[in-house]
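One structure is given here, and the rest of the page talks about it.
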2 protein chains.
Amino acid sequence: MKKLSEQEIESQLAKLDGWDYANGAIETSFEFKDFKETFSVMTRIAFECEAQGHHPDWSNVYNSLHIRLNTHDVGGLTEKDFKLAHSIEAIIESE
Amino acid sequence: MKKLSEQEIESQLAKLDGWDYANGAIETSFEFKDFKETFSVMTRIAFECEAQGHHPDWSNVYNSLHIRLNTHDVGGLTEKDFKLAHSIEAIIESE
């Protein structure tokens, strides 16, 4: 899996909604109604991560969820990160 | 729910295994086999949190889980935190 260039990252980032690029990773935050709704979304995301063989650095406090994606193996971003980011967006939009 | 004194916290902490007290919260970290096992444990913990009406600040990266407990409403630790910590230990020990 190839590490993306800065130009490729900018181009990929433009196709996402509300993700920031910082410290070699893309990240975003979401808020939901309550803990139950937040953890339900996390569960759907967890199954998708497992299917894609790619996993986030993420944290949760009650109804808020912070997600950070990068590819540890290459020390930066790859297409895997953007694929998963789009899947996460699709899951959250379908809620 | 009463905020615990430093002395009460020390006494409660001694009954737990592997938790640290720092910045007004108790925290611990665990490592599991893989993401699937980690998220399964998180799911069991999530149900217990919901049942107790008390929720952690927690983060996960692949097979590692970091958990931080405090009671936001009182700006410190209460019995709720230690009750949940014991439940989390029981869940993890039963794995």
Side-chain angles (χ1 to χ4, degrees), chain A residues 1 19-20 22-78 80-81 83-85 87-88 91-92 95, chain B residues 1 19-20 22-78 80-81 83-85 87-88 91-92 95:
Chain A
M1 187 60 57
W19 291 72
D20 294 316
N23 304 316
I26 50 172
E27 54 187 14
T28 191
S29 293
F30 297 98
E31 292 215 341
F32 304 93
K33 199 182 76 182
D34 53 24
F35 177 74
K36 207 155 58 172
E37 192 178 308
T38 310
F39 199 80
S40 300
V41 172
M42 288 176 73
T43 304
R44 293 185 61 195
I45 292 172
F47 277 103
E48 187 59 35
C49 294
E50 196 59 18
Q52 295 187 17
H54 197 50
H55 303 88
D57 300 2
W58 55 353
S59 59
N60 156 244
V61 184
Y62 193 60
N63 69 331
S64 72
L65 176 62
H66 180 79
I67 304 175
R68 189 171 180 275
L69 301 177
N70 73 345
T71 305
H72 296 187
D73 293 350
V74 305
L77 290 162
T78 64
K80 285 177 109 170
D81 298 303
K83 185 179 177 207
L84 182 54
S87 300
I88 290 170
I91 288 169
I92 288 171
E95 284 296 307
Chain B
M1 186 60 57
W19 291 72
D20 293 317
N23 304 317
I26 50 171
E27 54 186 17
T28 192
S29 293
F30 297 98
E31 291 216 339
F32 304 92
K33 199 181 79 184
D34 53 23
F35 177 75
K36 208 155 56 172
E37 193 179 308
T38 310
F39 199 79
S40 300
V41 172
M42 288 175 71
T43 304
R44 293 185 60 197
I45 293 172
F47 277 102
E48 186 59 34
C49 294
E50 196 59 18
Q52 295 187 16
H54 197 51
H55 302 87
D57 300 4
W58 56 351
S59 59
N60 156 245
V61 183
Y62 193 60
N63 69 331
S64 72
L65 176 61
H66 180 79
I67 304 175
R68 189 172 180 276
L69 302 177
N70 72 346
T71 305
H72 295 186
D73 292 350
V74 304
L77 290 163
T78 64
K80 285 178 110 169
D81 298 301
K83 185 181 178 204
L84 182 54
S87 300
I88 290 170
I91 288 168
I92 287 172
E95 284 297 306

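As the structure is a computational prediction, the values presented were derived from the model and not from experiment. Reminder, nothing fancy here: chain letters follow the sequence lines and each chain counts from 1.
The aromatic rings of A:His55 and B:Tyr62 sit perpendicular to each other, their planes meeting at more than 60°, with 30° as the lower class boundary.
The shortest heavy-atom contact between A:Asn60 and B:Trp58 is OD1-NE1, 2.7 Å. Counting all heavy atoms, side chain and backbone alike, B:Ala46 lies closest to A:Phe35 at O-CE2, 3.5 Å.
In this structure, chain B has a heavy atom under 4.5 Å from the side chain of A:His72, while its backbone stays farther away.
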